[in-house]
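This report concerns only the one structure given below.
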Amino acid sequence: MKKWLIALAGVLLTFTLAGCGSKTVATTSGGKITESQYYSSMKGTSSGKQVLQQMILNKVLEKDYGDKVSTKQVTKQYNTYKSQYGSSFSTVLTQNGLTTKTFKEQLRSNLLLKEAVKDKVKITDKALKKQWKSYEPEVTVQHILVAKSATADKVLDALKKDSSQANFTKLAKEYSTDTTTKNKGGKLAAFDNTNTSYSSKFLTAAFKLKNGEYTTSAVKTSNGYEIIRMIKNPGKGKMSDHTAELKKQIWDNDMSDSTVLQNVVSKVLKGGNVSIKDSDLKDILSSYLSTSSSSSSN
């Protein structure tokens, strides 16, 4: 199931506040609206304050981590979402008030924030061991999805006689109701423990399988009855062999943890030498600058 493009952790819409000047923004039969009038009105709203907060954060993040986020990285992430949504991508952008330019700006902001998380969050041995418990390496499986238990039993009987990949492929083409994969023998794209596309029952059953093994009883999910065969499972191995992957998963989790992000943004802003010149906005960063707790993944 497709989800909205991205959960931009703590990253707000990217607007540009008009400068405080006398230039006319709009004219009406009742008079004109100047930049200064527009600015005064905007700064009194919650959305206007959020925009300024984001602009300040982006400035500091860009200075501290700009050299760590390349245009190539942004483009790669953009193309991933574009590919996911296909022909409806432009429509989805429009519906969410975004253009190619503003969406790429949001992607960059998010990547910059992630660099800050990697820099400011200390990953402890305890955190690594905790993540290791749920860690599973990337595996490749093929599956057969059917609507009825009786059909699943028929497929399983055939697999008892021949559980080879060739026969599983043949059975998938004949019985599977998954029209996206049945003609490919039910083969799915590789996935690991961070996958959110499949049910926990499906993932648990899949990760237990060794190469060439299949689920000898069907896995009941909301989609129907699943029969899964392992094509490639490299094995979990030792924790020390997967430190980089574990850290990446922890940082990804941190990007959706509001408490962690609050602490990280606080540290970034405190180190950014921010000075608010407008007295009406002097407390705009108080919720961040007053945060004193340290960031760490435990």
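- Between Glu213 and Lys208 no salt bridge is recorded (no basic side-chain N to carboxylate O distance below 4.0 Å).
- A continuous path of ILVMFWY side-chain contacts below 4.5 Å connects Ile284 to Tyr39, so both sit in one hydrophobic cluster.
- Enclosure of atom NZ in Lys247 is not indicated, since only 12 or fewer non-hydrogen atoms of other residues, nucleotides or ligands lie within 6.0 angstrom.
- A donor-acceptor pair under 3.5 Å links the side-chain atoms of Asn193 to the main chain of Ser134, judged by distance alone.
- Not a single donor-acceptor pair under 3.5 Å links the side chain of Ser266 to the backbone N or O of Gln262.
- Thr169 places a side-chain N or O within donor-acceptor distance of the main-chain N or O of Gln165, the cut-off being under 3.5 Å.
- Between the side chains of Tyr78 and Thr100, a donor-acceptor pair is found at a separation under 3.5 Å.
- In this structure, Arg229 contributes its side chain and Ser163 its backbone to a donor-acceptor pair below 3.5 Å.
- Looking at Glu62, its side chain never comes within 3.5 Å of a backbone N or O of Lys59 through a donor-acceptor pair.
- Residues Leu159 and Val155 meet the side-chain proximity criterion, which asks for heavy atoms closer than 4.5 Å.
- Here the closest non-hydrogen pair linking Val274 and Val60 is CG2-CG2, 4.2 Å.
- When only modelled atom types and interatomic distance are considered, Asn263 and Tyr288 share no side-chain donor-acceptor pair under 3.5 Å.
- The closest side-chain heavy-atom distance from Leu171 to Ile227 is not below 4.5 Å.
- Between the side chain of Asp178 and the backbone N or O of Leu145, no donor-acceptor pair lies under 3.5 Å.
- Between Phe207 and Tyr135, the ring centre distance reaches or exceeds 6.0 Å.
- Ile144 and Met230 are assigned to two separate hydrophobic clusters, defined by single-linkage of ILVMFWY side chains at heavy-atom distances under 4.5 Å.
- Across every non-hydrogen atom of Val74 and Val69, the tightest pair is CG2-CG1, 4.2 Å.
- Shown here is Asn273, whose CG atom has no more than 12 heavy atoms of other residues, nucleotides or ligands within 6.0 Å.
- Taking CD1 from Ile231 and NZ from Lys187, the interatomic distance works out to 5.5 Å, rounded to the nearest 0.5 Å.
- Using a 4.0 Å cut-off between charged side-chain N and carboxylate O, Glu105 and Lys101 make a salt bridge.
- The distance from the OG atom of Ser109 to the CE atom of Met55 is 11.0 Å, given to the nearest 0.5 Å.
- Among all heavy-atom pairs drawn from Met239 and Leu246, the shortest one is CG-CD1, 3.6 Å.
- Checked by atom type and distance alone, the side chain of Ser83 never pairs as donor or acceptor with a backbone atom of Asn79 at under 3.5 Å.
- No hydrogens or angles considered: a donor-acceptor pair under 3.5 Å links the side chains of Ser275 and Lys277.
- Ring pair Phe191/Phe202 is tilted by interplanar angle, where 30° to 60° counts as tilted.
- Side-chain atoms of Gln142 come within 3.5 Å of backbone N or O of Gly185 as a donor-acceptor pair.
- The OG1 atom of Thr215 sits 6.5 Å away from atom CG of Leu156, with the distance rounded to the nearest 0.5 Å.
- When side chains are defined from C-beta on, Tyr65 does not count as touching Leu113, because their heavy atoms never get closer than 4.5 Å.
- Take Asp67 and apply the salt bridge (charged side-chain N to carboxylate O under 4.0 Å, His left out) test, not counting sequence neighbours, and it matches no residue.
- Under a cutoff of 6.0 Å and an axis angle of 45°, Lys238 and Trp132 do not form a cation-pi pair.
- No side-chain heavy atom of Glu115 sits under 4.5 Å from any side-chain heavy atom of Asp119.
- Closest heavy-atom contact between Val219 and Ala205: CG2-CB, 3.7 Å.
- Rounding to the nearest 0.5 Å places CE of Met255 at 11.5 Å from CG of Asn253.
- When side chains are defined from C-beta on, Met42 does not count as touching Leu52, because their heavy atoms never get closer than 4.5 Å.
- Looking at Lys236, its side chain never comes within 3.5 Å of a backbone N or O of Glu136 through a donor-acceptor pair.
- Once rounded to the nearest 0.5 Å, the distance linking CG of Leu261 with OG of Ser256 reads 8.0 Å.
- Within a 6.0 Å sphere centred on NZ of Lys220, heavy atoms belonging to other residues, nucleotides or ligands number more than 12.
- Scored by the side chain to side chain donor-acceptor pair (under 3.5 Å) test, Lys248 finds Asp252 as partners (sequence neighbours excluded).
- Residues Gln54 and Asn58 bring a donor and an acceptor atom of their side chains to less than 3.5 Å of each other.
- Counting heavy atoms from C-beta on, the side chains of Asn233 and Pro137 come closer than 4.5 Å.
- Side chain of Thr102 to main chain of Leu98: no donor-acceptor pair is present (N/O by atom type, distance under 3.5 Å, no hydrogens or angles).
- The minimum heavy-atom distance linking Asp162 with Asn167 is given by the pair O-ND2, 2.7 Å.
- When all heavy atoms of Ile250 and Ala127 are compared, the pair lying nearest together is CD1-O, 3.7 Å.
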Just do the side-chain contact (heavy atoms from CB on, under 4.5 Å) check on Val268 and Leu57 with the steps written out, would you?
CA-CA 8 Å; Val268 169; Leu57 178 59; 4.1 Å; yes

